[in-house]
There are 2 protein chains.
Amino acid sequence: MGLTKTEIFTDEQNQLSQLLKAMAHPARIAILQRILKSNTCICGDLVEELGLAQATISQHLKELKNAGIIQGTIEGVSVCYCINPIVWKQLELQLGAFLGSYKGEANCC
Amino acid sequence: MGLTKTEIFTDEQNQLSQLLKAMAHPARIAILQRILKSNTCICGDLVEELGLAQATISQHLKELKNAGIIQGTIEGVSVCYCINPIVWKQLELQLGAFLGSYKGEANCC
DNA sequence: TAATTATATTGCAATATTACGATAAGTCTT
DNA sequence: AAGACTTATCGTAATATTGCAATATAATTA
């Protein structure tokens with residue numbers, strides 16, 4: 001096995017889990033935080049700032065890009081990455097609704 | 001390799017990525033949604049409602065429990081799971097701050 | 001055009017995850 | 001205690017992820 005059974009879940013569940021998975025790595029959180037901080041985009045600064053090899057950073061960026069969370073633009077020699085506003089907003093809404101649907105303590109456990 | 005370099009990240013980054021990872025699977029999202037819906041807890045209903053084997057569900061529950069997102073109480077023959085309010089709130093805050101720190105479009109890409 | 005710089009891709013080894021059957025462990029009923 | 005029932009754990013096979021060196025690709029500069 002070892003293969004997630006996506007067929008049995010809703011599109012929403014699969015989609016949300018994809019986005020979460022893309023963010024579920026400390027390096028990718030660090031990358032996103034870095035992008036959020038320098039409101040402007042960044043590029044290979046990451047390789048210096050995080051302690052990971054260039055190939056590894058590039059791979060993490062690719063995953064974030066594949067998930068649609070960030071987008072990259074070629075800027076001369078380097079590449080400039082930034083948040084994809086649409087996906088980010090969607091994530092914010094979806095996650096907000098999900099997390100917010102918990103109505104504290106009450107009855108259980 | 002194949003081993004995440006947690007040493008080089010902050011506790012916050014590692015912790016948040018752990019929580020996200022625990023939720024980053026459609027089955028575990030489905031489980032959480034199920035728990036959120038029946039505000040009360042649930043148990044082996046999941047095995048019937050999701051189309052996964054009992055061992056698989058049990059494993060997913062264990063992961064959610066290990067991450068601290070849910071907690072289980074033995075209730076006679078069955079086990080009752082529910083949200084851990086403290087961790088949930090923390091997640092809500094941390095993620096809210098993270099996602100909310102993006103100040104739309106502006107300059108880039 | 002050649003050298004330089006920045007990023008992407010490939011190939012690989014180590015480790016992690018997913019799913020499940022089989023089985024163990026625990027609780028309840030009789 | 002014996003059986004029924006629920007949940008956990010173990011073992012295993014398939015697949016995915018992580019990280020990096022090496023190399024390829026692309027743009028800029030000399």
Side-chain angles (χ1 to χ4, degrees), chain A residues 1-9 13-14 17-31 34-35 41-67 69-82 109, chain B residues 1-9 13-14 17-31 34-35 41-67 69-82 109:
Chain A
M1 316 275 144
L3 190 136
T4 300
K5 283 187 159 181
T6 51
E7 333 82 68
I8 66 173
F9 302 106
Q13 288 163 343
N14 285 317
S17 69
Q18 287 268 51
L19 288 173
L20 291 176
K21 192 164 148 196
M23 298 198 303
H25 191 287
R28 295 197 287 272
I29 290 184
I31 288 173
R34 186 47 236 267
I35 295 183
C41 17
I42 38 160
C43 18
D45 304 347
L46 291 162
V47 179
E48 289 178 25
E49 297 182 25
L50 312 186
L52 290 170
Q54 183 268 322
T56 308
I57 299 287
S58 186
Q59 199 180 257
H60 283 305
L61 285 167
K62 190 180 173 187
E63 261 176 273
L64 287 170
K65 199 165 71 175
N66 282 345
I69 297 176
I70 63 173
Q71 55 199 182
T73 322
I74 296 172
E75 196 122 309
V77 187
S78 44
V79 174
C80 167
Y81 283 101
C82 63
C109 299
Chain B
M1 316 274 144
L3 190 137
T4 299
K5 282 187 158 180
T6 51
E7 333 84 66
I8 67 173
F9 302 106
Q13 288 163 343
N14 284 317
S17 70
Q18 286 269 51
L19 288 173
L20 291 176
K21 191 164 147 195
M23 297 198 304
H25 190 286
R28 295 198 287 273
I29 291 187
I31 288 174
R34 185 49 233 267
I35 296 183
C41 17
I42 37 161
C43 18
D45 304 348
L46 290 162
V47 179
E48 289 179 24
E49 298 182 24
L50 311 185
L52 289 169
Q54 183 267 323
T56 308
I57 298 286
S58 186
Q59 198 179 258
H60 283 305
L61 285 167
K62 190 181 174 188
E63 263 175 273
L64 287 170
K65 198 165 70 176
N66 282 346
I69 298 176
I70 63 173
Q71 55 199 182
T73 321
I74 296 172
E75 195 121 309
V77 187
S78 44
V79 174
C80 167
Y81 283 101
C82 64
C109 299

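Just so it is clear, the values below take in all heavy atoms, side chains as well, and ignore hydrogens, waters and symmetry mates. Every chain is numbered from 1, with letters handed out A, B, ... down the list of sequences.
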K.L.:
So, is K21(A) near the phosphate of dT17(C), with a side-chain N or O under 4.0 Å from OP1 or OP2?
P.N.:
no
K.L.:
Under 4.0 Å, heavy atom to any atom of DNA chain C: which of residues 53-62 of chain A qualify?
P.N.:
Q54(A), A55(A), S58(A), K62(A)
K.L.:
Given L52(A), which of I57(A), I31(A), L46(A) fulfils the side chain to side chain contact (heavy atoms under 4.5 Å, CB included) condition?
P.N.:
I57(A)
K.L.:
When the distance from CD of E63(A) to P of dA8(C) is rounded to whole Å, what number comes out?
P.N.:
13 Å
K.L.:
Shortest non-hydrogen contact from R34(B) to I42(B)?
P.N.:
NH2-CG2, 3.0 Å
K.L.:
A side-chain contact here means heavy atoms from C-beta on lying under 4.5 Å apart; do D45(B) and C43(B) qualify?
P.N.:
yes
K.L.:
Shortest non-hydrogen contact from R28(A) to A22(A)?
P.N.:
NE-O, 2.6 Å
K.L.:
First and last nucleotide of DNA chain D touching chain B, 5' to 3', heavy-atom cut-off 4.0 Å?
P.N.:
dC5(D) to dC20(D)
K.L.:
Under 3.5 Å, which protein N or O atoms sit close to an N or O of nucleotides 27-30 of chain C? Give each pair with its distance.
P.N.:
| unit_1 | atom_1 | unit_2 | atom_2 | d |
| --- | --- | --- | --- | --- |
| dT27(C) | O3' | G76(B) | O | 3.4 |

K.L.:
Take L50(A) and T56(A) through the test side chain to side chain contact (heavy atoms under 4.5 Å, CB included) and record every step on the way to the result.
P.N.:
CA-CA 10 Å; L50(A) 312 186; T56(A) 308; over 6 Å; no
K.L.:
Using heavy-atom distances to pick each residue's nearest nucleotide on DNA chain D, tell me which of L52(A) and L3(A) is more 5'.
P.N.:
L3(A)
K.L.:
If each of A27(B) and V79(A) is mapped to the nucleotide of DNA chain C with the nearest heavy atom, which maps nearer the 5' terminus, i.e. the 5' end?
P.N.:
V79(A)
K.L.:
How close or far is atom C1' of dA16(C) from atom CZ of R28(B), stated in whole angstroms?
P.N.:
12 Å
K.L.:
Looking only at side-chain N and O atoms, does Y81(A) come under 4.0 Å of OP1 or OP2 in dA6(C)?
P.N.:
no
